Each structure stands twice: as structure tokens, then as C-alpha cells.
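Please read all numbers here as calculations on a predicted model, not as lab measurements.
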Amino acid sequence: MNPEYSVSTAELASLAPEIVLTVGGSLLLLLEAFAPRLRRSFHWLGLAFVAAASWYVATLPAGPSFAGLIEASSLTAAFSQAVLLAAALGLLVAPGYLSRERLLAGEYPALLLWCAAGLLLLVRGVELLTLFVALELLSLCLYGLAGFHRRIASSAEAALKYFLMGAFVSAFLVYGIALVYGETGSTRIEGIAAALARGQGSPGLLLLGFLLLACGFAFKLSLVPFHAWAPDVYQGAPSPVVAFLSVAPKVASVVVLVRLVLLVAESPLGGKWPDLLALLAAASMLVGNLFALVQRDIKRMLAYSGIAHMGYVMIPLAAPGPHSWQPVLVYLVAYVLMNAGAFAIVTMIYGQPGEQHAISSLAGWGYRFPLLAGCLTVCMVSLAGVPPTAGFLGKYFVFLHAIEHGRLGLALIGIATSLIGVAFYLRVVYMLYMKPEVAAPEGFVIDFGGRVGAVIAAGGSLLLGIWPQRFLSWVAASFERL
Amino acid sequence: MDALSLLWWIPALPFLGAAVNGLLVRNGQKGLVTFVGLAAPGASMLLGLTAIWQYATGLAPEPLRQAVYSWTVGEMSIDVAFRLDPLSAVMTFVVTVVGFLIHVYSVGYMGREEGYRRYFSFLNLFMGAMLLLVLGSNFLVMFVGWEGVGLCSYLLIGYYFDQEFPPEAGKKAFVVNRIGDFAFLVGMLALFASFGTLEFGEITERVLAAPEIAKAPYVFGLSLAGFVTLCLFIGAMGKSAQIPLYVWLPDAMAGPTPVSALIHAATMVTAGVYMVVRTNVLYQLAPEISLFVAGIGAATAIFAATIGLAQNDIKKVLAYSTVSQLGYMFLAAGVGAYVAAIFHLATHAFFKALLFLGSGSVIHAMGGEQDMQKMGGLRKHLPLTYPTYLIATLAIAGIPPLAGFFSKDEILAGAFAGHHHLIWGVGILTAGLTACYMFRSVYLTFHGSFRGSHEQEHHLHESPKVMTVPLVLLALGAVTAGWIGIPTGLWEMAGFADHNVLHHFLSPVIATLPGVDTGHHLSHSTELLLMLVSVAVALGGWLVAKRLWGGERGLAADRTFAERLPFVQRLLANKYYVDELYDRVIVRPLAGLARGCWKIVDTLLIDGALHVGAFVTELTGDLGRFSTTGNIRNYALYFFAGVLLLFWWMIF
Amino acid sequence: MSVPISWYLLLAAALFAIGAIGALTRRNGIAIFLSIELMLNAANLTLAAYSRLLGDRAGQMVVFFVLAVAAAEAAVGLALFIGIFRLRRTIDVNRINLLRW
Amino acid sequence: MSTSFLDLLLGDTITRFVFFPTVAGLPLLLMRRAPAATVKIYALVVSLVELALIGLFVVGRWGSTGALLARDAVLPWIDLAPLSVVYEVGLDGISLPLVLLTGLLLPIVLLGSWNGIDKHWGGYAFSMLLLTTGILGALVALDLFVFYVFWEVMLIPMYLIIGIWGAERRIYAAVKFFLFTMAGSLLMLIGILWLGWTYGRLTGVWSFRYEDLLRLELPIDQQLWLFGAFAIAFAIKVPMFPVHTWLPDAHVEAPTGGSVILAGILLKLGTYGFLRFALPLFPHAADRLTPWLLALALVGIVYGALVAWVQVDMKKLVAYSSIAHLGFVMLGIMACDLVAWQGALIQMVNHGLSTGALFLLVGMLYERRHTKKFEDFGGLAKPMPWFATVLVFSTLASVGLPALNGFVGEFMILVGTFKAGWRWFAALSTVGVVLAAIYLLKMLQQTIWGPITREENESVPDLGLREALTLAPLCVLMLWIGVAPKPFLEPSRPALAALLEDYRSRCAEPAPDEPLLAPARVSAGSPTFAAGVVDQEAGR
Amino acid sequence: MELLAFVVFGLAALVSAIVVVAHRSPIHSTLSLVVTLVSTAALFLMLGSPFLAALQVLLYTGAILVLFLFVIMLLNVQRERTGAAARSPFQTWSALIAAFVLAGAVCRLLWDAHGEAVLAPLTEDFVALRNTASLLFRDYLLPFEMVGLLLLVAVVVASWVARRGGADSEEESR
């Protein structure tokens, strides 16, 4: 055997989390084939794999591996953990829904775990090709998950729309990679940075290339004007999937976007990039909140709210620098908790899959589902950014960053739009508690896992708001080297 | 007993009585109510009289100040303190004595009322507040009493709360009083801001020490003294029912008659006069305001007197008479005859209380009827009420040697001496009118033949002892009260030493300012002439009344008058339409403004703007969301276009 | 006679634009997908041309992976078309709009 | 020195009484199946214990002469250098009256809601307790970030109280309340962040501590912007004209207890905010804008009174009267005079007592008759003499009758305002005094006086023992404060005096062109309590 | 020679691409795409990448497009209907404008950047398959492995989604 092609143990070890997830997924698939009776425990097994991956992420030695295609650092570890948190929530909420819909199968946890693996690679990737493949890997998993409810049209439609848009955008992405590669001669972030520093390449083409890359990931983040898919997909896809789909890919994509922005912003091409991000942020906050205001479907409302939240996440990037990471991570973790929590509860208390999840159906259910409604309220309050919740903590850091770096206007837009946000988040709360019940819920499934998921999400949202010190220290430690 | 050191108990006792009756005693315990209700003001009266005696006979004529506790702290440290000086002594005397008598009278008058306990509680409360007002050593305590009596007036006017009108009248009284109070408050603010204190004594001292401060221009071309006195006088206008704030007093007659006697004749309404005299040092420094006071007083006096001529409700007649007499007092204060003002206040307290109680007795006898058109010939049924009422009428008409003569004469003399001849003329005219309408009431009520229904006639009876004894005592006062102020001129003419007790007693509280000329003295002959003129006018008024309404003539004169001069009659009977005027000019526009604020500013403009904002926001969202067409070709186009636009934006 | 390398790039850009037009204008979902394949192909051509320009084979590697990814995507995509066709009897994107607004 | 939060929670501290209601209220959420009486008694006991905790804490420190009565050990909360936020609470003379009022009103509110709240009593009580924590926290916060958090914590429970237990248009009112308040407070958040950042820029370490931020000397334009941000937040809460329209709706729709807390305390946080934060932090801006704010206060007084006059709903009348009364408080605060400030502070308490009592009374009437419209009442004094008595008493206190509490505040405010040179504002605002009599007596007129026009009113039961117990403490205090306000004025005087002196001295110097950091203030002048506190910390 | 080849294959690619986009029948579009792809394969060859050219023909034309054809026929997709309702001129014109703008901008930039530069002839080293393989299995080992997983995912997803989800799956999960 030619030693040239061998893989060192160290390199394999550096891939431990992804390997655990991949192997775990495959194992579950095999169990599905050979021991379908164990289906009910698949998700718990999946959780174990996620936990193992999380442990490996935490213990991963820092540094590049695989010829510098990926790297590990405390930063990637932090975002990876956020991804894994989302994956865990996605696993916890699903079985109830799936078994009610008679979809319980090993494919679901397998796809979720693989998707998580792809996401981790996306977080860690520092080379465009790796990023692209990781993105496609996770996207394919997500297409499958979005269409997981294969018997209903809305799920299929959501998957198809997501897929077609995703494919369309990946064509742009590849073209962007081509341009950047062609003009800089490298696909590695470092190489590109070096080339940019040298002033190599045509600025116009580079600009276009980076713009295409940025737009590709902005599409994943559902930033305006690349947002339009999100409401349709969230609404149509199975709710437990959305709990995962609406948060995890965003965490990972943000990492890539921040890397790209930092790469470009520090280069001679930098110029208008911060303004570009400010523009995207403002547009997302405005459009997201405005459109969410008029939604009557809770999933769609949360989708638009997600668009808006990604706008808030972008605020720190309007003044990019290594300091941008911290508010972004804080906001994202808060977002993972509250948004996944909201979708988790939607999963449980709405009895019908499909496109209808009217907010008005919630009327009076606050007293029927005291625990879940309480958790949903906490999530809504958190999404609205009212202290003492994680959502407020996130907004605090984001606005602080804006003020610190002279983006007061953006902060003011953020305020104005979050005021609109308050209006529609509160609508959920008043439906729950202040309206008489109009229709008894039917077909709802409240299983242990889902309840745990909801409590984790809501409790986490509260805890992060009330006592954020431990979390923030961890965040700070993650960015120590920057 | 050292009554002086117990000064604060004088107002405290009635308060205590009010509290006990109000909170502890139960409705059924009538005897207990009576006991507490009488004991409190009675004890207060005894204490007050003793204190006055001890003060008056004391060696040092220095005002006595007793601080009970400090009300507030810091820069604005104001004590709850009481002050006994000649002025407050006179007032205390009047208030406690007349008050106590009316309390006693009430036992009989209100005996069968359901709210007996409530009544006594309120009446005691009133006594306490009134004593607070007169004994207070600073403006703040005075103001507490000032508003306190207003409150009691409100509560007692509205005593018959289950009827439509009395509570309305009470409200009117309170509100109109408040209008005055607000000016009072502003005056106090100005005083405090300028002098840093609200103590009467300190303010007087400082003004005397440096009058130029008070004379310095303040606002609107007024001096500080001018501004303050104007404000205070507006306060007095409200409380003492002067034009244009008199409108509440006639309505206040809706309360029980003893209340009218005590509050709306003898004590509370005179508080304004008391205050003006109390602050005479400032008024002396503001001659223009003093003149204004005199003018308002004179105008009120004659204005109310003309209305009184045309009223048929016995209490309304007395009410307008009160307004008119209060005008007199202000006239006196305005022309600088402060002692005369207090003198008239005191005598008026007796005879007006007596008149009201007498009318109460009449009403009691008539079973609640107040319309003089239904009365007549009552003198034979009411053997005690009639003479006392007559004495009071003679007193108010200014027939010597009854109380009213001396006080009224002194006022007119004061006006004449101050060369305010026009005012004097108005005063003398009013005196004639007073005699005329008061005797009208006497004739219509007691003379002629009975005009009421048979049941009423059957029911007629003299009131019980508990009511008539106070009448007699008050009549005694109405006869003799004037003798404490027999004019200096008369004494001297008769060859005696000056025994004008009141003048001597009150002289310490009337400030003598170096630059202010108060020394108008009339020659004895002029004084005598004036007296004769006023007596003649009073007698003339009486004679006119006798000619018009005396004997069996009854209401014929009124009917003739109404036929001949319907317009004037209507004008007078409807009190010059002043209430209607206020309603049209002030109340309704204000209510319209308020409604406008509510419906237009609040609902339409502010909320409307918010709703429009919300609507526009929602509309934007609602229109905008149709961009999410559900067709991914559009989404792809957004992406493509977005990329291109951003690229375009980036390269330019 | 040699062809300037930019011609390849220009050709690729033209193909990309044509593909984009197709993706935006076709109503048949599969046709849209075909257009997207065309765009990917154009991107691949660009990569290959740049690879040649740079004398660096990394570009070719990218093309290789894009091809592989395209294959996987095609499998998933076509399965999704089958799935939706089974439920809706159409693959006309104008009519796949249950989810909107 | 490493005190933990738990130590604070368990010790004899401010923190304990701030968080006790919420912590002790948590079991209420689990008592879903418990009998209603158990829930009610539990909640009442919690509230009484809370009152005792506050009382004991305050009594123990009453003699303290410094501006600050007590301060808890400072704990790091968000310690992420250089972004640090500390948890810092302290009690001084300014917050003391309001803290006591809160403690007093809590059991009263629960007792007053005994029968009026007919569903989810446990949730209601928990909301109240959580609200109390928010209020107390905001009152004692000595760190602007902490203040903001508590400030917002108040919103949700109040939103729920209005929205769940309110009347027909409750949702509209609740949302309006929430959005209005949130709009202001978000601006304030930006202001707070800006301050913290400026401090950080000057020192290298961020801080939101009140003491630290007081050292900032900002250029006038920045001050104006920041003052604007704070002032809008507070003005909405007060509420001042023209951002007051949420209040009538909120009051009318809220349940009795909600109205009492809202009027009694929540509104005061606006005026408290002006006094505590907006003025001392931005003296020059405040100074420059004083005439405008005074004018708005004046407009509020007259406008609130006028609109109150023409209301047909009893509760709405009281609500608008709150606008007028709070206008007086604002007048006093903006007059920047010690007497006026003392008056404003005591007036906050007064308004809480008298308006609280009025709302309770309206609520009691509503429980009996299920209407609040004047046209449905009249002549109630006959069947309900005690009710009438208390109503008259509270109304008179509200009118500002001397010897009752309302007068003390109004008088001191007017004196202070006049003395400070704002003669016209003081003089014109007395119009409000007149109008108060007009509209409040109108209320009496149309409810308790006059003949009984409706059959239903003939046999309305009078106050019960529980209701009497609810109202008695309020009435006693109304009279007490009116007759002898000195003990209520004294504790706050040093703090106010120090604040005022600091404010004046800062106003006297021109604003700098660039943000500057003044040296830390020593005990003199600053309300930063350098003197009175230290032993507390040292003791640990 | 190269010019001629470029013109032939380039034109073929362009024309067939237009057909792909413009033809209403999906089957014709697919077949046209085959032409485009094969032409592109030829261009790959000219660009010194026989490996890619082979892969293009085998994988793309041989596998993917056959799959397309198969599915199109399976679903029996008809020509796109025409008619007023189906037309969306705004979309069409926007697409055209956007595409032309993009193409124009990119062409302009490319021309400015690279112009008429002609490269040195291909080297053996560049074309050698061995070097390509070493790159693939050494430097790009990770993506290679990822693609393996990707294909597995594709299989799983495709089989899950395309499997009939009716009563039988209900049976399954019982």
C-alpha cells in the first residue's frame, strides 16, 4: 500500500464527532432493516450518539486536519455544540409525532444524524469544496427530512420547493466557487486570504464570486431577499423536522458566512461589505417582522420570525471583526432554544400534520396544556426579546455590538421591528390564555421526550436570561484566541 | 384651669366628637349621639370662652401661639399651630357660642331625621374645621379649616342625599368654593415663595419691617401685596359668596335649616371677611385691591338685596340677605374699616343665625313648607318665634339700639370717612332695601291671614323648648351684641370716656403702616348726621314694606308688580339669570371642550394615529406577504434579482 | 490556432445565463431541474477553464465533486418529483403552491 | 467577600424581599387542583410574609442618617470582560416609600380580588407576586441593566392580568399596554447600552452601575438624545400627555387588583424613573427641556381632569384622574426643588393609596352590580352607607382636601414649583385642583347620591368584613399622611437633598464638548451613598 | 484546429442549451441536454481533463440523464400547456433581463480580466490521471469520503420519498 494515501489515526480522531454521527446514523438504518421492533428506542439511541458527538467535540484537539480542509478550534466547538443541541431537540420531539403519523422509522434519526455530521463539517470546513460538499450533504438530508411525511402533499411540496431552490442556489454557489477559485487560485480560505492580500485577481469577478458565495449561505439563513422559501418549507415540512431545520442549518451557515465576511471585509475588497450585511440585516428584520405580523398560521409566523431573527444575527456582521463572533453565538444559542422549543410544542399540540396550524386554534389551550403552554409562552416571550429570557440576552449583545461599532441606526431599526414582533408573539400568548377555547384539540401527542424537549428549550431560555454567567463564560472562552 | 395651654383642644374636641359619633356610635343610640354631639362643642365653647377671658384679662396683650407639632420638614417647615389674638378671640367667641346654640337647636329640629347621627357628626366636624380656620396660626392651618368647612358645607347641604337637588347644590357649593380656594392657594404660594413662611405673625412683622418688599412689582403690574391680596380675595369671594361666586349660597339652602344658620349665615361664609381682616396689613399696602374689595362688596350687597326683594322662599330671602350682608362686610374691609367688618360679622352672626333658626321654626311648624306665599298670620301660632324673628329683623334692618344698627352704621361711616361716597350711597340704598325685604318676609310670614292648606294650618305649633331657648338666647345677642362697639363719637358726644370695647380690643391686629393713611376721622356732627340718615332710610324701608305687604295685603303687591313690570319681576325672581349665564358661558363650553378632548384628541387623534400606524404596518405586511406567492419560480427570481441588485449596489 | 482561455469562460457564462433563464421560465419542475443541471454544467466548465488557466488541478477536483453531488441530487430530486406527482398528479410548479403567503 | 446570590436570598437583605414573592409563589403554579380557598390563603400568607419582610428590613434601618439606607453586596451577574453587568440593589429614601407602598398594596390587592377573580386564582396570584418582584426590583436597582430587566419583567404578568382576568376588550387593552410600554422601554434600552458603552470607552471597562454612570459628563446633544430615550420610556409609563391613551383602556379592562397595582405602583415607576435616572444622568438636557416637560405635565393635569369629567364609566373616570394626578407629580419632579420633590414623592404614595382605594371600591361595586356605568347607579348611599363613607373619604383624599393625604403632596408640589420660579405653571396647575373637585364630585353625585333610580340598587349589600379590612389600612394611611405627613417625608429627605444638590451643581457647570468622566463623587452631593452603606458590605 | 473544435462544440453546446431551455417537451429538453453535456465533455478534453470528459459522458449522460428520461416517462409528463393563464410575462422578461445582465456583466469582467491571453500548450503532467488520482485520494480524501456518505443519503432519501407511503407503510410501523 502506498503510504501516500494512508490516513493517520490522528486525522481520523479529528473527525471523531462526525464519524460517531455517521456511524450512528448508519447503525440505526441497519437496525431499521434488521430489528424494526426497536424503533421506539431509535431516537434515544440517536440522542446517545449526539451526546457522544458532543463529548468528542468538546475534547477535540485544536488545529487543522485533512490537509487543512477542516479545522477544529474552540470556536468551531462552540457552534458545533449549538448544532448538536438543535439535533438533540429535533430527536427528542420527533418520535411522538412520527409514531402518530405512522412514520416511525430508522431513516429519520439516521438522516438527522447525518445532517448533523454535515453541519459539523460545515462549521469546521475552511475550504470551499469541503464546504460545498458538506452543504450538499446536509441539504440532501434536509430535503429528505422535509419530505419525510410522504403521504401528505404539503410535506412533499415543501421538500420539492426546498430542493429546487436549494439546487438552483447551489448552481450559483458553484459558479461563485469557480470565480473565486479562478481569480485567487485557491479554494482554501487561507489561500484566498493570501491571494487577496496580494491583490491577485480581478476585483469585479472576485466581488461577484464572493457575493454569490455569500448569497448562497444567506439563502440557507433565509435572509431577505433570499428568504421566500422558508415560510413555505416550514409550513409544509413535518413540525419536528422544522424544529431542527429552522435552527441547526442556520447556526452552521452563519459560521461560514461570518468566515466569508471576515475574509472579505479584511481584504482590499472589503469596502462595502459591512454595509451590505447591514442592508441584509435591516431588510430581514423589517420584512420578517412585517410579514410575520399578518400570519394566521403559527408555523408560517415562526418562519417569518426566523427570517427576522436572522436579521438580528446579522447586525454584528455589519461591523465585522473577530468581536462579531460573540454576539452572533449568543444570539444563535438563544435562537436555537426558543425557536426549536416553539416548534417542538407546535409539534405536540397540533393534531393534524399538513399546512394548517392556525394560531387561532390555540384559543384557550393554555389551560388544557399548562406545561406546554407555559413553555410556549416562555419561548414567545423570549422570541419577543423581553427579559429575563435568552432572547433578550441575545438582543442585548447584538444591540450592544451595534452601538459599540457605530451602527446605531441598525439598532434602532432592530428596536422598531422588535416592537412589531412583540405584537405577533403576544398574539400566541393571548390566544393561549385569554380567549375561550373554540375547538378541543384532537390527535395531539404529548410524549415524554417531547415534554422534556419543551422544558429544556423553555427552561434554557429562562435560565440563559436569568443566570447567563456560566454560558457566557463558555462563550467567552470559545473566542479567547480571537 | 389654664385654658390657654389647652388651646388646641378647642378645635380638637369637636373633631373628637365627630369621630366618635361617626365611627363608634351606632345609629340607634340617639341619646348617646345627642350627648356626644352637644358635649363636644359645648366643652369646646367653655374652653374657648375661658381661654378668651384669660387672654383678654391677661397682662400681656401679645398674641398667643401654640405649636402642636411640625407638619412638614425641611425647607418648608410648617407647624400645626394655633394663635389666640384679639381677632381669633372674637371669631372663636362667635363661632363657639352661636355654634353651640345651633347644636342645641338641632337636637329639636333634626330629632326625627333618619341621619341624626350623621348630622351631628358632620356638624361637629364643621365646628372643628371652623375653629381650625379661625384659630390657625398660619395660612396652612387656616386653609385646612377653610377647606374643611367647605367639605362640611358640601356634606351638610347634601344631607338629604336621597333627593335629587341637595347633593347637586352641595356639589355646586364645593366646586364654586374650590374655584376660590385655588386662588387662595396661589396667594399662599406667592406668600411662601416670598417670605418663606406662612405664619400670620411673621408675615405681618416682615411686611411692617420692610413694606417695600410687598410693594415691589410682582406680576401684571401688581405689587406682591396686590397679587397676594387679589388671590386671597378671590378665595374669600368663593367662601363668602361674593359676586361672581355667590351662586352657590342660595342653592345651599337645600340643607337643613340649622345648617343654613350655622354654616351659610353665621360662620363659614364670614371666613372670607375674617381672612381679609387677618391680612389687613397686606390690603393696606394694596389700595387698588382694597378698592376692588369694597367695590365687589358694595355691588354684591345691592345686587343680592334686589334679588332678595323678589324671593318667595323664606330661606332664599335669608340667603340673599346673607350675601348682601357679606357684601357689606367686604365693603367695610375694602374701605379700611376692618374693625367695622369684624363688628358686623359678629352682630350678623347673631341676628342672621336667629333669623334662620326662626325660619327653621316656621318651617318646622309648617311641616317643611318654605314658601312664604303659603304662609301668613303665623304670629299667633308661634308666640316665641315671632318676637325673636322680629328682633332679628329689626337688628338687620339697622334700627337702633339693636346690634345691626351699630355695626352697619360704623361701616357706612367708615366708607364716608374714606371719601368713598359712591360706595356709601350704595350702602345706604342697600340698607333701605334690606329693611324693606326683611320686613316683607316678616309681613308675609307672620302677618295677615294664613294662605296654606288646612292640614298645614292644623299642624301649626310652636317648636319645643330645645329649639326656642336658643332663639331667645340668640335674640339676646342680637339686641346686645352691638353694644360692644358703640361708636367712639357717641360716647364722646354723650360726655363719656371712649368705651368702644371692640375697637380697643381689636386695635392690635389692625396694622398701622407708616406710609398708609388710615386716619380719616369724621366730625361728630357728620357722624351723627350719617346715623340719622341711615336710621331714616331703614325706617323708610320698613314703611315701604309695611305699605306694600303689611296687614292683610298679603301678596297683592307682588302680583301688581309682576303685572306692571313683568320683565323686572322675572329678572329678579330668576336671580338675574346668573346661573343660566354661567351654565351657558362656562359650564357647557367647558364640557364641550372636555368632550372634544376625549372624543377628538384622545380617541380620534392619538388613538386614531396609533390605529392608523398599526393598520398601515399590518397592511404593509399583508400586501407584502403576497410576494411569497408559493411559486418557486418567483422565489428563484427574487434570488437572482437580489444577487444582481446587490452586485450592482456593491460595484457602484 | 489556440483559443484564448477567456472564450471558454465566456461560453460558460453564456451557458449559465441560459440555464438561469430556463430555471426561471419553465413551469415543468423537471425542466427546471434540467436547467439547473445546465447551470451546474456551466459552472463546471468555468472551473475546468480556470483550472487550465491556473495550471492547477484543484479546479478539476471541484468539477469531479460537483458531478458526484449532481448525481446524488438528481436521485433525490427525481424521487421527490415522483413523490409529489403521486400526491398531486402534477409537477407544474405553478400548481405546486399549496403553501403560500 | 464571595457572597453568592443564595446568601443574599437567605439573608436579611433587599434581595430577599425582592425575590421572595416569586419564589414563594412558584408552588401556586403546581396547585392546580388544590381547593380555591387553599390557594387564596396561601397567596395571602405569602403576601403578608412579604410585607413583614419589607417591614422588618426597613424598621431595622430606619434610624440611618445617610442618603442610602441599605445596599446588598454587589454580585457579578454577567461577567464577560470588558462587558460586565453587576447585580446591585440598594434601598434609599427615594425608593423606600414606594417599596413600602408595594408591600402594603400586595396583600390588599389579593384580599380585594378574593371573589372578583373567578378563574385561575393561583395563576392570578402568581402573576401578582411576579409583578411584585418586578416592581420591587426596579425600585431598588442600582444598576441600569438590572433596572431594565426588572422593568420589563413587570410587563408580562401585567399583560396576563389584564388579558386573562380583564373585561370584554381586555385583549386590546393588554396589547396596547404592552406595546406602548415596550416601545418606550426599547428606546431606553438603547440609551442604557449607549451609556454603558460610553463609560466603557472612557475607562476601558463597561459598566451599567448607577454610581458609575453618574460620573459621566456628556455633551449636550448626546444628553438630549439620551434624555429623550429615557424620557419617552418613563413618560409612557407615567403616563404623560400625549402618550397616555393606553392607560384608560388598561384600567377599564383590567380586573380590580390589576387596576390597583397599575395605578398604585406601576405608574409611579415612570415618575420614579424621571427622578432617579433621567434627571440625574442628564442634568443639562433635563434642565433645557424642563419648560417643555412642565408644560406637558400641566397639559396632563388639565387635560386628564377635563376628560375625566365627561366620562360615563366610573373606572375610566378614575383612570383619567390618574393622568391628572400624575401630572402633578411630574410637575413637582421637573420643578427641581426639594420641596417639590418631596411633594412629588409623597404624592406618588398618596395617589397609590387614594386611587387604589377608589379602584377597589369600583371593583366592589362591580362585583355586586356587574356594571361600572354611572347611569346604572345613583342613591347607593342608602343601601350601602359604609361603602358611601369610604368612597367619599377616598374621593376627598383624591380631590386633595387638606388634612387628607392628597393635599400634602399637591401643596408641596405647588409650593416647590412656585418657589423654584415656575410661578405660572404652579398657578395654572391649580386649575387642576378645581377640576378635580368637579369630576370627582360628579362621580359621587352619580353613584351614591340622589334618589335610587334602579330597582337593583335598592338592596345592594354593604361592605363585608373582608372588604372593610381591605380598605381600612388605606383609609388610615390617607388620614395619617394628611394630618401628620412629617414621618413620611423625613426618611426621603436626605436622599432627595443629595440628589438635588448633585443635580444643581452639575447643571451649574456647562456640559462638556466630549464625553468626560468626572471623579467619583464622595458622599457629599451624590446620591451614591458612599457614606451609609459600607458597613453592610464590610460586615460580610 | 483547436479554434475549429471550440467553435463546433461551443456552438453545439449553446444551441442545444437554448433548445433545452426553450423546448416545451421535457423529453426533447433532456435529449438536448445530452448534446450540451457531450459538447462540454469535449471542451473538458480540450482543457486538458480527459478524466472529467470521461466522467461527464459516463456519469452525466450515461446515468443521470437516463434517470431523468426514465422519470419523465414514468410520470408521463406532457408538454407544458400554453395559454394566457399559464403565461407570466413579467417573470419571463425579468428572467431574460436578469440573465442578460448577469451574462453581460460576467463576460465584460472576464474579458477585462483575461482578454485574449493564450495559454501555453498542455503539459503531460497536468493531464496525467495519476496526478489527479493522487489529488483525489490524498488532498481531497475528506470530500471524497463525504461524497460517499452523500450518495448513501441520496439513496436513503430517494428510497424513502419515492416509496409508496400508503397503507403498506402503516402496516410496516405496526
What is the distance from atom CG of Leu53(C) to atom OH of Tyr181(A), rounded to the nearest 0.5 Å? 9.0 Å
By a 4.5 Å heavy-atom criterion (distance strictly below it), what part of Val63(C) contacts chain A: side chain, backbone, both, or neither? neither
At what distance, to the nearest 0.5 angstrom, does OG of Ser186(A) lie from CG of Asp56(C)? 8.0 Å
Which atoms form the tightest heavy-atom contact between Leu80(C) and Ala159(A), and what is the distance? CD2-CB, 3.6 Å
What part of Ala158(A) lies closer than 4.5 angstrom to a heavy atom of chain C: side chain, backbone, both or neither? both
Output the option from Ala58(C), Ala13(C), Ala23(C) having the highest count of non-hydrogen pairs under 4.5 Å with chain A. Ala58(C)
Report yes or no: does Lys161(A) contribute a side-chain atom to a donor-acceptor pair with the main-chain N or O of Asn97(C) at less than 3.5 Å? no
Check whether Leu128(A) gets within reach of chain C through its side chain, its backbone, both or neither, counting any heavy atom under 4.5 Å. neither
CD of Glu190(A): more than 12 outside heavy atoms within 6.0 angstrom? no
Considering non-hydrogen atoms only, spot the tightest contact between Ile36(C) and Phe168(A) and give its length. CD1-N, 3.7 Å
Students often mix this up, so state it plainly: with edges at 30° and 60°, are the rings of Phe172(A) and Phe16(C) parallel, tilted or perpendicular? perpendicular
For Ala153(A) and Ile84(C) the tightest heavy-atom approach is O-CD1, 4.3 Å
Working to the nearest 0.5 Å, report the span between OH of Tyr175(A) and CG of Leu45(C). 9.0 Å
To the nearest 0.5 Å, what is the distance between CG on Leu87(C) and OG on Ser155(A)? 9.0 Å
Leu205(A) versus chain C, the contacting section by heavy-atom distance below 4.5 Å: side chain
When Ile177(A), Leu137(A), Asp232(A) are compared by non-hydrogen pairs under 4.5 Å with chain C, the top option: Asp232(A)
Atom of Ala43(C), atom of Ala171(A) and distance for their closest heavy-atom approach: CB-O, 4.4 Å
Spacing of CZ belonging to Arg86(C) relative to CZ belonging to Arg151(A), to within rounding of 0.5 Å: 12.0 Å
If you tally heavy-atom pairs under 4.5 Å between each of Ser154(A), Gly185(A), Ala167(A), Pro231(A) and chain C, the highest tally belongs to Ala167(A)
Which atoms of Ser35(C) come close to chain A, meaning under 4.5 Å heavy atom to heavy atom: side chain ones, backbone ones, both, or neither? neither
Heavy-atom distance under 4.5 Å to chain C: side chain of Leu164(A), backbone, both or neither? both
Any idea which of Gly144(A), Ala156(A), Gly176(A), Gly182(A) has the most non-hydrogen atom pairs under 4.5 angstrom with chain C? Gly182(A)
Glu183(A) and Tyr50(C): CA distance, side-chain angles, deciding distance, side-chain contact (heavy atoms from CB on, under 4.5 Å) verdict: CA-CA 8 Å; Glu183(A) 295 303 315; Tyr50(C) 267 126; 2.6 Å; yes
Nearest-0.5 Å distance, CG of residue Leu47(C) to OG1 of residue Thr187(A): 10.0 Å
Step by step, would you call Phe132(A) with Val62(C) a side-chain contact (heavy atoms from CB on, under 4.5 Å)? CA-CA 9 Å; Phe132(A) 174 71; Val62(C) 178; 6.0 Å; no
Judged by modelled atom types alone, do Glu73(C) and Tyr143(A) share a side-chain donor-acceptor pair under 3.5 Å? no
Donor-acceptor under 3.5 Å (Glu157(A) side chain, Leu98(C) main chain): yes
